[in-house]
Amino acid sequence: MKIANLKFNSNLFLAPMAGVTDFAFRSIARNFGAGFSYTEMISAKGLIYSKNSEIYKKMLYTLSNEKPVAVQIFGNEPKIMAKVCQLPEIQKFDCIDINMGCPAPKIVKNCEGSGLLKDLKLAKQVAESCVKASSKPVTVKMRIGYEINSDISLELGKMLEEVGVSAICLHGRTKEQFYSGNVNYEIIAKLKSKLKIPIIGNGDVFDFNTYQKMKKTGVDAIMIGRGALGRPWIFTSIFQNNFKVNKKLVIKNHFNLLQTIYSEKFIINHMRKHLLWYVKEMPNANKLRLILSNINSINQAFELIDKIF
Ligand SMILES: Cc1cc2nc3c(=O)[nH]c(=O)nc-3n(C[C@H](O)[C@H](O)[C@H](O)COP(=O)(O)O)c2cc1C
């Protein structure tokens with residue numbers, strides 16, 4: 001499958017996840033076979049007003065093994081979105097993805113993220129302005145609708161295809177569902193069968209069985225989010241029952257990669273969260289979580305990792 005001119009080594013993609021999918025995590029997932037990855041969502045307005053701030057520079061940092069890689073932006077003002085698409089910092093990415101799925105109240109209340117699912121005309125304008133402004137393919141990641149039982153996916157999908165969006169990722173839930181209830185595979189299959197552009201299916205893929213369920217919808221690629229937390233090797237292990245991974249090496253590599261641009265203080269804070277995910281399937285996970293949540297230096301973390309894994 002291709003998105004515009006982009007080719008992928010695998011049709012399993014790593015989902016954009018705020019606070020998670022920085023260059024280090026993406027790079028690890030790519031080495032384990034993820035075919036495509038995205039930055040975490042980045043505010044278009046924030047970028048326009050403070051693109052030289054260290055925070056944004058770090059959010060936009062990429063490594064060479066990440067190609068192709070997408071940047072994900074969110075916003076609701078077509079002109080600002082277009083301006084952002086033209087920034088050299090954004091055009092260095094292979095693809096620009098627009099977030100129309102984030103259900104967080106502070107985003108939705110500004111009619112951004114899944115807030116756009118309540119105003120399809122505006123959603124279309126946002127996408128169109130990005131397509132016109134960008135020389136790179138523009139994609140959209142969305143949910144199936146806003147209200148609990150709504151389904152605007154086909155209506156919006158057709159509008160997006162018409163204005164030149166190159167692919168759509170559909171998380172098979174509504175905004176109001178957040179993460180509850182089941183993924184609606186029929187709606188994903190319907191979108192796939194009615195549109196010409198590639199469709200990426202997303203939601204609740206954690207293992208081979210759930211991968212198969214999503215695959216049956218006929219989608220062109222499958223995106224994994226939570227299933228990769230603490231398991232960035234899922235892109236390989238999903239197809240190999242007895243896949244053995246050297247967790248110690250992966251985790252230390254995760255720390256080492258972060259040291260490329262982050263301070264020790266930031267890394268410790270950030271990796272506490274990842275360490276809790278890395279131990280979540282271990283028999284004594286609760287005890288380990290307590291120990292690991294108190295790390296205060298990289299050396300101390302490495303000593304603990306040597307003991308635990
Ligand atoms: C911690 C976390 C952060 C997320 N941040 C983003 C984000 O920045 N942009 C986005 O489009 N979706 C974001 N999502 C949603 C995921 O990309 C994905 O659509 C969702 O988790 C469903 O897929 P899953 O069942 O494989 O996790 C986030 C999800 C999680 C768990």
Side-chain angles (χ1 to χ4, degrees), residues 11-23 25-26 29 34 36-44 46-47 55-56 58-60 69-76 93 95-108 112-117 123 126-127 130 138-145 153 165 167-185 187-188 199-215 217 219 221-232 234-235 237-238 270 272-274 276-278 280:
N11 292 350
L12 270 191
F13 294 176
L14 173 66
M17 286 184 281
V20 179
T21 55
D22 53 25
F23 71 95
F25 192 78
R26 293 194 308 263
F36 196 37
S37 49
Y38 304 67
T39 66
E40 62 183 289
M41 60 178 191
I42 302 178
S43 157
L47 263 176
I55 293 180
Y56 288 111
K58 285 175 173 152
M59 279 176 145
L60 295 169
V69 59
V71 59
Q72 190 189 61
I73 56 172
F74 69 94
N76 67 0
F93 286 87
C95 175
I96 300 174
D97 186 64
I98 307 172
N99 183 319
M100 297 193 189
C102 177
K106 66 176 181 190
I107 306 287
V108 173
E112 298 173 328
S114 60
L116 283 169
L117 304 180
V126 164
C130 290
V138 172
T139 56
V140 168
K141 180 166 176 284
M142 65 190 211
R143 287 178 173 241
I144 60 181
S153 57
V165 163
I168 293 173
C169 172
L170 185 61
H171 177 190
R173 289 192 173 87
T174 60
K175 179 265 169 199
E176 284 184 353
Q177 280 183 290
F178 279 86
Y179 288 94
S180 66
N182 296 326
V183 164
N184 194 321
Y185 297 102
I187 291 180
I188 297 176
I199 303 297
I200 303 153
N202 171 235
D204 290 5
V205 175
F206 296 106
D207 52 27
F208 186 69
N209 285 340
T210 44
Y211 162 82
Q212 286 287 63
K213 275 191 185 173
M214 185 60 83
K215 199 161 179 268
T217 62
V219 288
I222 292 176
M223 178 186 275
I224 300 181
R226 289 165 299 161
L229 299 177
R231 285 193 304 161
I234 188 172
F235 302 94
S237 67
I238 206 163
H270 181 75
R272 278 192 192 121
K273 176 175 70 186
H274 280 283
L276 304 191
W277 286 322
Y278 278 123
K280 75 182 169 210

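Every number for a ligand or one of its atoms is a count from 1 in the order of the listing.
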With heavy atoms under 4.0 Å as the rule, classify the contact between [X] and ligand 1 as side chain, backbone, both or neither.
X      : result
Tyr179 : side chain
His171 : side chain
Met17  : both

Could you tabulate the donor-acceptor pairs under 3.5 Å formed by side-chain atoms of residues 12-23, not counting sequence neighbours?
residue	atom	partner	partner atom	Å
Thr21	OG1	Met17	N	3.0
Thr21	OG1	Met17	O	3.2
Thr21	OG1	Tyr38	O	3.4
Asp22	OD1	Ala24	N	3.3
Asp22	OD1	Phe25	N	3.1
Asp22	OD2	His270	NE2	3.2

Can you give me the closest heavy-atom contact between [X] and [Y], atom names plus distance?
X      : Y      : result
Val183 : Ile188 : CG1-CD1, 4.0 Å
Arg143 : Pro103 : NH2-CG, 3.7 Å
Glu112 : Phe74  : OE1-CE1, 3.4 Å
Ile107 : Gly113 : CG2-N, 3.7 Å

Short N/O distance, under 3.5 Å, between Arg173 and ligand 1? no

If you measure every N or O of Met41 against every N or O of ligand 1, does any of those distances drop under 3.5 Å?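 Yes, at least one N or O pair falls under 3.5 Å.
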
Check this for me: does any side-chain nitrogen of one of Asp204 and Lys213 sit under 4.0 Å from a carboxylate oxygen of the other?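 Result for this pair is no, no salt bridge flagged.
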
Pro16, Ser114, Gly225: member with heavy atom nearest to atom 14 (N) of ligand 1: Pro16

Does ligand 1 have any atom that is closer than 4.0 Å to a heavy atom of Gly203? yes

Checking a contact table here: which protein heavy atom is nearest atom 18 (C) of ligand 1, and how many Å away?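 In this structure, atom 18 (C) of ligand 1 has Asn202 OD1, 3.3 Å as its nearest protein heavy atom.
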
Just to confirm my output: which protein heavy-atom neighbour is closest to atom 31 (C) of ligand 1, and how far is it? Arg226 CG, 3.5 Å

Side chain to side chain donor-acceptor pair (under 3.5 Å) between Asp97 and Thr139, intermediate numbers included: CA-CA 5 Å; Asp97 186 64; Thr139 56; 2.7 Å; yes

